[in-house]
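Just so it is clear: chains get the letters A, B, ... in the order the sequence lines come, proteins before strands, and each one is counted from 1.
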Amino acid sequence: MMIELGKYATTVMSAYGVTVLLLAVIVVQSLWRSARVKRALAAQEARMEMKSNG
Amino acid sequence: MSIWEYANPKKFMQTSSWALPWVTGLAVSAIVVGLIWGFFFTPEAEGFGSTVKILYVHVPAAMMAINIWAMMLVTSLIWLIRRHHVSALAAKAAAPIGLVMTLIALFTGAIWGQPMWGTWWAWDPRLTSFLILFLFYLGYMALWEAIENPDTAADLTGVLCLVGSVFALLSRYAVNFWNQGLHQGASLSLDAEENVSDIYYFPLLISIAGFILLFVALVLLRTRTEIRSRRLRALELRERAA
């Protein structure tokens, strides 16, 4: 489905484009950092448990 | 049951683990419905043409930019007064989301301003106070990164948040305070006569709800990450000391 945006097509599409892009950046960055920290914490906990078990 | 239970990291992790998928699902649904309704099924407005469709991204982002700072103010005050770590970490987690919302408001405002006002930027009270709010977000995040001791960082960023609240307030009420500049008044108000017409109002409300829910989902996710990061740091220090 495509709608007629007339002479402001570029204006409207670029506003939506910037919004989607910036929201994607914050969502991806949040997920990426969450996964990285979760992995690092699991590895650290495993290492310390191994040490405590001798 | 008291709200202070959630200041316990373990309780916060349990509750947020359950809530996060639901909030995320609701956020995505509301954003998709609000933006599709607004973009495809609302007419052009007199004087604005099809640029009126920018309303559905510009207004929610601008509202969130100010209200996220207000949330950071509340959580910073809780940290400064009651010393609950989760609240300091929630403020830290919220700042990058607020920065992105401020950027969206500034960019979409500039894109919208060009055809309407004939300029991308003007030193208008609301635009200028938003730019200052953006700089406060940057400064707040930089301060967290610059200080190694997390409690000292939380104290100093908490104080910065109190100072920045003046500009968050100015961003909201600049149009009323100075009554000049290019930017029009609020699109939504408790006074029904000031609101945009119903045909734009309902998709706008859904879009705003979507942005609020997206913020809640992201701040839960990021606070969980900050809590894990803090535990990781504590374990590394314990290992080094042993």
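Of the listed residues (L22(A), V18(A), T19(A), I26(A)), just one forms a side chain to side chain contact (heavy atoms under 4.5 Å, CB included) with L103(B), and that residue is L22(A).
Here the straight-line distance linking atom CE of M48(A) with atom CZ of R238(B) works out to 5.0 Å at 0.5 Å rounding. Here L235(B) contributes atom CG and L41(A) contributes atom CG; the two are 6.5 Å apart, rounded to the nearest 0.5 Å. S30(A) OG to L218(B) CG: the interatomic distance, rounded to the nearest 0.5 Å, is 5.0 Å. Distance CE/M13(A) to CD1/I54(B): 11.0 Å, rounded to 0.5 Å. In this structure, L220(B) CG and S34(A) OG are separated by 11.5 Å, a value rounded to the nearest 0.5 Å. Here the CZ-CG distance, from R36(A) to L232(B), works out to 9.5 Å after rounding to the nearest 0.5 Å.
At a 4.5 Å heavy-atom cutoff, the contact between E236(B) and chain A is made by backbone and side-chain atoms alike. Contacts between V20(A) and chain B at a heavy-atom distance below 4.5 Å are absent for every atom of the residue. Within the 4.5 angstrom heavy-atom criterion, atoms from both the backbone and the side chain of R231(B) approach chain A. The parts of L31(A) that come within reach of chain B are both its backbone and its side chain, each placing non-hydrogen atoms under 4.5 angstrom from that chain. Only the side chain of F211(B) comes within contact range of chain A, with heavy atoms under 4.5 Å apart.
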>> Before you tell me yes or no, could you show the steps for L23(A) and M101(B) under side chain to side chain contact (heavy atoms under 4.5 Å, CB included), namely the whole-Å CA-CA distance, both residues' side-chain angles and the distance that decides it to 0.1 Å?
In response: CA-CA 8 Å; L23(A) 288 181; M101(B) 293 296 177; 4.1 Å; yes

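Residues R222(B) and Q29(A) meet the side-chain proximity criterion, which asks for heavy atoms closer than 4.5 Å. Between K38(A) and R224(B) there is no side-chain heavy-atom pair separated by less than 4.5 Å. Counting heavy atoms from C-beta outward, R33(A) and S229(B) have side chains that approach closer than 4.5 Å.
In this structure, the side chain of Y16(A) engages the main chain of K53(B) through a donor-acceptor pair within 3.5 Å.
Residue with the most contacts toward chain A among V100(B), L214(B), I31(B): V100(B) (heavy-atom pairs, distance under 4.5 Å). With chain A as the partner, the residue from R228(B), E226(B), Q114(B) showing the most heavy-atom pairs under 4.5 Å is R228(B).
Here the closest heavy-atom approach between residue A15(A) and residue T108(B) is recorded as O-CG2, 3.6 Å.
Within 6.0 Å of atom OH in Y8(A), more than 12 heavy atoms from other residues, nucleotides or ligands are found, so the atom counts as buried in its surroundings.
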